[in-house]
> 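Encoded as structure tokens, here's the structure I'll be asking about.
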There are 2 protein chains.
Amino acid sequence: MKNNEIRNKLIEKGLKVTPQRMAILEAIIKLNNHPTAENIIDYIRKNHPNISTATVYKVLDALAEKGLIKKVKTEKDVMRYDAFLEKHHHLYASDSDRIEDYLDDELNEILEKHFEKKCIPGFKIEDLKLQIIGKFTDKNAPK
Amino acid sequence: MKNNEIRNKLIEKGLKVTPQRMAILEAIIKLNNHPTAENIIDYIRKNHPNISTATVYKVLDALAEKGLIKKVKTEKDVMRYDAFLEKHHHLYASDSDRIEDYLDDELNEILEKHFEKKCIPGFKIEDLKLQIIGKFTDKNAPK
DNA sequence: CTTTCTTATGAGAATGATTCTCCTTTAATA
DNA sequence: TATTAAAGGAGAATCATTCTCATAAGAAAG
């Protein structure tokens, strides 16, 4: 992804373009396995040694609020970030911190159909996220 | 739930019976809307003013490990506890901290059937949890 | 290209849930 | 009741995240 594409994403969302924001958005796209804020900070400090943690957290919140990234939460306690924006679910390793995206349009359809039929009284559904917990049986990321 | 029932639950799981453990398990059953550790501590300190936070956390972990309670995580950052042990999913309010249990055997079946057919290469599923995010349209808990 | 104004950034302190340390107490069992 | 491994208590420590507030830097206009 070129600098200009990143710049345009920021502009599109009405976010002021700064070197910090460029670096953070680039980092989260490069580090494409749901990095933590710490992963992102480490990555960015290679080229940008003085960036402050507070800035990173603020920028991540701003990006998430504008829909440029998503926040994902582990079973543990750390927020993770995801630049993959299509509707998707997550595979969580029960024995490590690994998280993978899981796309399944058929599943989305099934869920949608189910909740069309079966309304939940007193509740208006906005989003459905399936957490698929288990063990990875190989070392490579299934998509 | 009588004291003896609680005592027996602990014994069944091979946990030493202590007043602290009794109080904590009782509290989490009484406070049945997914209390936080803090909620539990406040409740217990009414009758048991000197219990230490460390003890509460340790006991909660022990109970969860033995399957006497479950841990639930908010979108925010705080662990919640649940004494309701049947397979169920959760409704999360997008505009508050409210969480409700959601039972739906038909949904469980559909999900199970879907993942029987559609295996995920390189992944062995152990559990499926649907996070249903949205808004509560009344003040009462739907079950 | 400078001014102005608003917004973003940086450094470090603060927060807050959870965990750790280490010492004391207690439940279970003989 | 004595023994002993396990549990509890007090408070410090941890660590991700947020706050504070002074400084810097975009954007827009002149």
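None of these values were measured; they are calculated from a predicted model. In the text below, chain A, chain B and the rest are named by the order of the sequence lines, each starting its count at 1.
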> Please determine if A:R98 forms a cation-pi arrangement with A:F136, meaning its NZ or CZ atom is less than 6.0 Å from the six-membered ring centre and no more than 45° off the ring axis.
yes
> Rounded to the nearest angstrom, tell me the gap between atom CD1 in A:I41 and atom P in C:dA11.
13 Å
> Taking atom CD of B:E65 as the centre, does the number of heavy atoms from other residues, nucleotides or ligands within less than 6.0 Å exceed 12?
no
> Which whole-number value in Å describes the distance from B:R7 CZ to C:dA28 C1'?
12 Å
> If every non-hydrogen atom of A:H88 is compared with every non-hydrogen atom of A:E86, which pair is closest and at what distance?
ND1-O, 2.6 Å
> Calculate, to the nearest 0.5 Å, the distance between atoms NE2 and OH belonging to B:H48 and B:Y43 respectively.
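The OH atom of B:Y43 is 12.5 Å from NE2 of B:H48, to the nearest 0.5 Å.
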> With a cut-off of 6.0 Å (strictly less than), are more than 12 heavy atoms of other residues, nucleotides or ligands near CZ of B:R45?
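More than 12 within 6.0 Å, yes.
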> Return yes if some donor-acceptor pair links the side-chain N/O of A:K87 with the main-chain N/O of A:L103 below 3.5 Å, else return no.
no
> Within this structure, what is the CG-to-C1' distance between A:N39 and D:dC15, rounded to whole angstrom?
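In whole Å, D:dC15 C1' lies 15 Å from A:N39 CG.
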> Select from A:H48 and B:E38 the residue whose nearest nucleotide in DNA chain C is closer to the 5' end of that strand.
A:H48
> Which residues in residues 11-21 of chain B have a heavy atom closer than 4.0 Å to any atom of DNA chain D?
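When residues 11-21 of chain B is checked for heavy atoms under 4.0 Å from DNA chain D, the hits, listed by number, are B:K16, B:T18, B:Q20, B:R21.
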> Below 4.0 angstrom, which residues in residues 49-61 of chain B have at least one non-hydrogen atom near DNA chain D?
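By residue number: B:N50, B:I51, B:S52, B:A54, B:T55, B:K58, B:V59.
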> Are the side chain of A:N39 and the backbone of A:T36 linked by a donor-acceptor contact shorter than 3.5 Å?
yes
> Just wondering, are more than 12 heavy atoms of other shown residues or ligands nearer than 6.0 Å to NZ in A:K113?
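Atom NZ in A:K113 is not packed in, count stays at 12 or less.
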